[in-house]
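Below: one structure, written as structure tokens.
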Amino acid sequence: MIILETLLQTLKDLWFESGLYAFVTSVDGLKSLAMILISFVFMFLAIKKGFEPLLLLPIAFGMLLTNIPNAGMYHPELWTGMNAAGEHVGIDYLQVMREGGLLDILYMGVKLQVYPPLIFLGIGCMTDFGPLIANPKSFLLGAAAQGGIFFTFILAGLFFTGKEASSIAIIGGADGPTAIYVSSKLLSGGGAIDTGTIALAAYTYMALVPIIQPPIMRALTTKKERSIKMGQLRKVSKTEKIIFPIAVTLIIGSLIPSAAPLVGMLMLGNLFKESGVVSRLVDTAQNAMMNIITIFLGISVGATTKADKVINKEFLLVMLLGVAAFSLGTASGVLLSKLMNKLSGGKINPLIGSAGVSAVPMAARISQKEGAREDPTNFLLMHAMGPNVAGVIGSAVAAGVLLSVFG
Amino acid sequence: MIILETLLQTLKDLWFESGLYAFVTSVDGLKSLAMILISFVFMFLAIKKGFEPLLLLPIAFGMLLTNIPNAGMYHPELWTGMNAAGEHVGIDYLQVMREGGLLDILYMGVKLQVYPPLIFLGIGCMTDFGPLIANPKSFLLGAAAQGGIFFTFILAGLFFTGKEASSIAIIGGADGPTAIYVSSKLLSGGGAIDTGTIALAAYTYMALVPIIQPPIMRALTTKKERSIKMGQLRKVSKTEKIIFPIAVTLIIGSLIPSAAPLVGMLMLGNLFKESGVVSRLVDTAQNAMMNIITIFLGISVGATTKADKVINKEFLLVMLLGVAAFSLGTASGVLLSKLMNKLSGGKINPLIGSAGVSAVPMAARISQKEGAREDPTNFLLMHAMGPNVAGVIGSAVAAGVLLSVFG
Amino acid sequence: MIILETLLQTLKDLWFESGLYAFVTSVDGLKSLAMILISFVFMFLAIKKGFEPLLLLPIAFGMLLTNIPNAGMYHPELWTGMNAAGEHVGIDYLQVMREGGLLDILYMGVKLQVYPPLIFLGIGCMTDFGPLIANPKSFLLGAAAQGGIFFTFILAGLFFTGKEASSIAIIGGADGPTAIYVSSKLLSGGGAIDTGTIALAAYTYMALVPIIQPPIMRALTTKKERSIKMGQLRKVSKTEKIIFPIAVTLIIGSLIPSAAPLVGMLMLGNLFKESGVVSRLVDTAQNAMMNIITIFLGISVGATTKADKVINKEFLLVMLLGVAAFSLGTASGVLLSKLMNKLSGGKINPLIGSAGVSAVPMAARISQKEGAREDPTNFLLMHAMGPNVAGVIGSAVAAGVLLSVFG
Amino acid sequence: MKTWMMLANAAPLFMSEMNGNEKIPFTGIIAVTLTGFAVVFLGLIILIAFVSLLGKFFESRSNKSKPDAPSAPKQEQKPAPKPAPKSPAADLNEEQAVVAAICAAISAMGDAEGTTYAVKSIRPRQASVRGARPAWYMAGLRDNTTPF
Amino acid sequence: MKTWMMLANAAPLFMSEMNGNEKIPFTGIIAVTLTGFAVVFLGLIILIAFVSLLGKFFESRSNKSKPDAPSAPKQEQKPAPKPAPKSPAADLNEEQAVVAAICAAISAMGDAEGTTYAVKSIRPRQASVRGARPAWYMAGLRDNTTPF
Amino acid sequence: MKTWMMLANAAPLFMSEMNGNEKIPFTGIIAVTLTGFAVVFLGLIILIAFVSLLGKFFESRSNKSKPDAPSAPKQEQKPAPKPAPKSPAADLNEEQAVVAAICAAISAMGDAEGTTYAVKSIRPRQASVRGARPAWYMAGLRDNTTPF
Ligand code: NA
Ligand code: NA
Ligand code: NA
């Protein structure tokens, strides 16, 4: 009798505490349910449409987990860096460890700014800077395409605070880890947008690069320009490839120190690869290590997308600004390459300028594809790889500027 | 002269501080020596008898290391969460980092509740829920076998506190990471049993499943029942396999949030696998990541088995209750499958019920073997895999209930 | 107008804050530049000369990163364990997490004493103690070669404090992780030398073993001694190989507890390997896990080599004492093996004594090579592997002594 | 029976009072047990309902599409024909492995012909790095560089 | 225009005052944008200068050494002859892979005879490490789930 | 000699007083050195004793069992016959590799037939895991230990 009563009472308690109850009885619950539906959309895009699944799938799953009411796997209040009185005192990692859920613990690697540089280490192991070394002018296109960041900053600055505008602008870098690095540093989760919002926009548009770029490229170039064939690149010696990452680290690190962690790790990975003497480390850095960190990064960044961070007009604005960022970056790159083509007397195909946004290697592929569309015997890929990898360095420098101003 | 004197003095000091001295001069030393002998037994079982060596070997080695007097690799006093006055204040992770030994640092991943969900991520990558989706009634058997947990809870509740009884009962889940997840949360190391005790019992009996289950299965079934042949399972589409982990996460996570970390990570791993778009992550999650965590988990959980946690009557009681747990789980599963067989008009072979305890995939193989013993043409393996993987989910839900009541 | 002014002002600020400005305007900047040039030397040695590239390349890159002015990737002041008043209060890991750069975060694994034992775990997975078990007298040579540590301690003690002298002496162990383990524990970074200094010396001389050892070996032995052929080693059973790591852990751990983390993990790895039942773990421990930790260890240890730690007379002294350490260790080993040869009636080739310094397996190869130089049919490799692996255990014990006296 | 009555009076309270650090009364033990069973069965029965509905939906869709396009769904679902009933799991998995291996080989050839290029220059390289690394490697390669 | 003047007066201050937690005036936005562009172009132009110089240095050195020793530098730089201009990267790398495989085989033999020690052997061997993996991959999968 | 005497008086104290943050007197240096040597030799001599006893135990056991069952122990210990004395390790291990490979193949076949499930299958398969490995394992071993 008493047992049955207790049982019923307990079940009732469980029901009232359950997410199912929350879903149907509160506005927050309904918002969470909406967020979960949105996470399904991103899962669909990742799995069926192949939208950057390595990141978007874990992010979307983190989004699902964080929006299950009461699941307690992520606690945004631990990350504001404010005490009860609302004063800024810095994140209390001891509290995070005591009270945090699984995704809070994994998110530590984001807030400690560890994951993105380590992913850059792995990317460095897989990147060939040869085409850039062979044609260093490509750096200019990698710089121009950062217009995607800075022009977006102007637009975003009209609606958002400096830190938020920087986080949104960096989407234009078309570089996931850089965007997460900057936004996780600048955003405390107290405002309307958080790291997860930025990451969702960045990876979505990165997947959409093949749709966003071509119309812009065609609109800004003439048929004649698109048909320009470029000569073969010179062979780059192994020694140059070894000196390159060291020099870039030193030069960029000295010029803009806040870019050093990203650029430094990218270049360390590349040095590992080009040195040829530590293939054990190259293998692990680009496989096991990078994959582990990708998982941790994805689900914990996804966890920052609680309903109140996404179901608001700011999210729409971010998505709009994000597509603007990619478009402006593409346009900036193409326009500078048009100018360079003029100055060089018609030797540079302006299609390679769009590759400067990074989004390695997709953007370079699109340059190649658009070129081959005009003339199937036109091989632009290697020429586009130069601006493409230069864009990664350019974005990191731009990130450094934003961090040094607002960080 | 003076040098020789100092040397002798120092050697004398070293001798008095050494474990060798401690072994032979104090009761605690003798107990430690006994514990080390017990660790040898578990090493023998792991190496020569093949008892779950992946976990039992590291656990047994952690047991050896922690019981070497003065080695200081693990400090139980850091983990009680009490201050000097005996008040509960939570674990001071800063102190752990300052004063902890190697195994304390590695144990952080256990206490932060990180290792078990990540191991579940890897397991999810290796699990095929197809047989369960093809025959969803298998869920009932996976639920029934949790009788191993709850009936043991009744027995353990007679001797132990609520938290201890829960930790012991969860052994009946036949699921190592779940048992460690629950017990590391509920046990502070202040009492007579600790996580290591639970893990030792869980993995030992998991290895003994082929000895524990068959007699119970035979006793509870008739020859006729054991000879029942089951039809072939329907083919499950890829889309169903993709929707399944998402739905399970949402449903179970909403119903019983405290089960969300375990179930969520298991299902994320499975989604990775079934999506087919992130094979890099699948590879790393089920190999490098899971192996690293298995090592860290094993030796640090083993480290909690200091002599005072094992050489006591409670340890014996835990081992007894553990075998009871496995037996009760097996019996519950078999009995419900007998009932289901009756209701279905003889279409269900009750041997598959025992597989509901989880212990994947051993328990399912035993169902197969027992079936083939009656009739060599009887193939129950795929039918037993359904309850088998349902048992993993069932145990995680049961763990969630215990954590929500006592956590 | 105003915008241009602001722009110019900002650029001016950036310039004054940049490393380029620091390089050319301050003594510290020039020192940093010098350090960067030194890092290039080590990179050259690692890449072109093959000097232990797995460690020296990351260390040298860490050296580059840490000496870029204002890059803020490593903060030595976080690691002194002193408060503002100069009192010793222990490292504030919460502050490290709040204020640390990337290399500070990675350095936590060094200061928490986690990386070296885990690298030993991987090494244990790759080590074959068979030759040592077959000829246990080899242990004596592994002990004698620790003369490299203790005789160097006498020399270093004349110039340095006890903690510094110990850190320098341990270079003579010819064992990188052991040297980093000891020096990261004893050195707080407040003095003239730090862990990075020790690591640089240790790995440099380890790479130079083929140049340092042979002249000493030839000088201390006669042609006749070098031509001694040694009988074949007995076959060692699998059971002996399994018992060995367990017994060594217990005996050494009991005798000198402060050596337990290093010896314990080395032996756990070896037990994994010899048990033959956990090949998954063996694979990961010696590949993915060890490589990840090698990267983290290398760059963060390299980060401790700020200019003020290297451009001083102490660094030169450390380098001098380092070569003395390797030479003394070699000589001690050879001399004891000469004595053992006398006592055994000419059955022991003294060339195997030098292998006792560890530097596995290079030192053993050199014994082989020197033997084959006198008589091409002389195969000493397996006989030298015994002292070689004994030297690893010997160094760990010596490290334990130094840590127990000064730790 | 008296003890029982006493427990009964305490019961509505004790579930919220239980901190788990002391022994719990027998009523509490039973209540936890029953609650546990109820929640486990409840959860898994909801899953049964969902999975059954899902299965019915897909079966009906698959039946509908069969007459129209008898071969298309076969490709979608794994094409493994199961000839013998013995050890279906092993067979199925070995077949899948073979299929995967063939797919990998075919896609590798496709790559070699350079019809769809782009990053292929990157990937072939990594293919050679990893050399023999298995079935999944070839397939996964393209996506792997993309997201970063 | 008045707003503009007001901003102008504030301008020298606001860059140091900006904490980023509030909206910034339009002048500030533009200043940050220009600064950003300037720094990015400055940085990458320095890199252009450096890399160009580096390239010239190596080309001149390579030209100088060519008449003297026509074959030696070829070995130093990758020996790949590029016959067709299409997808040069792929060609190059496949050849490297073959070279590596052969080297590995040779050096493995060499080791067995105990003649060639030293550093070189590292990489080829790791190639073989990966070569072996798929074999166990399939086989090990089933058992791997056991212990958990 | 006076300094020495002074040190002598301090000696019993200084070992416990040494915090290592200052220079230590010469007596202390020597004492630490001697202590260190003593402990290292002591530790390793204990190991010699243990390992020697262990070896004797196993040799005697192996000798005892030989006359009774001449073929059984051969299987237990590795069956490698050693024809030539040159590079015994390599020979031995290569034979083991072959044996392992064959075992793996056989056990894999056994599995395919579905005859032996259960616990046994765990180890054979892991053997096969290793079976694939020895090729690179031997080769890689030497280099991998080098840097540490
Ligand atoms: Na970019
Ligand atoms: Na279970
Ligand atoms: Na040594």
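Protein chains get the first letters and strands the later ones, always in sequence-line order, with residue 1 at the start of each.
Of all heavy-atom pairs between C:Ala71 and A:Ala260, the closest is CB-CB, 4.1 Å. Heavy-atom minimum distance, C:Leu94 versus A:Tyr93: CD1-N, 3.5 Å. Across every non-hydrogen atom of C:Met73 and A:Pro261, the tightest pair is CE-CA, 3.6 Å. Closest heavy-atom contact between C:Ala288 and A:Ala288: CB-CB, 3.8 Å. Across all non-hydrogen atoms, the minimal contact from A:Val277 to C:Pro53 is CG2-CB, 3.4 Å. A:Ser254 approaches C:Phe23 most closely through the heavy-atom pair OG-CE1, 3.3 Å.
Applying the 6.0 Å contact sphere to NZ of C:Lys306 captures more than 12 heavy atoms from other residues, nucleotides or ligands.
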Could you walk me through whether A:Asp92 and C:Arg98 pass the side chain to side chain contact (heavy atoms under 4.5 Å, CB included) check? CA-CA 8 Å; A:Asp92 184 347; C:Arg98 276 180 177 168; 4.2 Å; yes
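Only the side chain of C:Ile68 comes within less than 4.5 Å of a heavy atom of chain A; its backbone N, CA, C and O stay farther away. If you measure heavy-atom distances from C:Tyr21 to chain A, you find no contacts under 4.5 Å at all. At a 4.5 Å heavy-atom cutoff, the contact between A:Ile91 and chain C is made by backbone atoms alone.
Between chain C and the residues A:Ile256, A:Leu112, A:Ile242, A:Ile292, the most heavy-atom pairs under 4.5 angstrom are made by A:Leu112. Note on A:Pro245, A:Gly90, A:Ala259: by heavy-atom pairs under 4.5 Å with chain C, the leading option is A:Gly90. Residue with the most contacts toward chain C among A:Val401, A:Leu268, A:Ile246: A:Leu268 (heavy-atom pairs, distance under 4.5 Å).
Using a 4.5 Å heavy-atom cutoff, the side chains of A:Leu281 and C:Leu57 are not in contact. Using a 4.5 Å heavy-atom cutoff, the side chains of A:Leu271 and C:Met43 are in contact. Side-chain contact between C:Met97 and A:Lys111: absent, with no pair of heavy atoms (C-beta onward) separated by less than 4.5 Å. In this structure, C:Leu102 and A:Gln113 have side chains that are not in contact, with every pair of non-hydrogen atoms separated by 4.5 Å or more. At a threshold of 4.5 Å between non-hydrogen side-chain atoms, the residues C:Ile299 and A:Met265 count as touching. Taking the side chain as every heavy atom from C-beta outward, C:Ile36 and A:Leu250 approach each other to under 4.5 Å.
Within the 3.5 Å criterion, the main-chain N or O of A:Thr284 finds no donor-acceptor partner in the side chain of C:Asn291.
Taking CZ from A:Phe272 and CG from C:Leu54, the interatomic distance works out to 9.0 Å, rounded to the nearest 0.5 Å. Residue C:Ile295 holds its CD1 atom at 5.5 Å from CG of A:Leu121, rounded to the nearest 0.5 Å. Taking NZ of C:Lys48 as the start and OG of A:Ser275 as the end, the distance is 10.0 Å to the nearest 0.5 Å.
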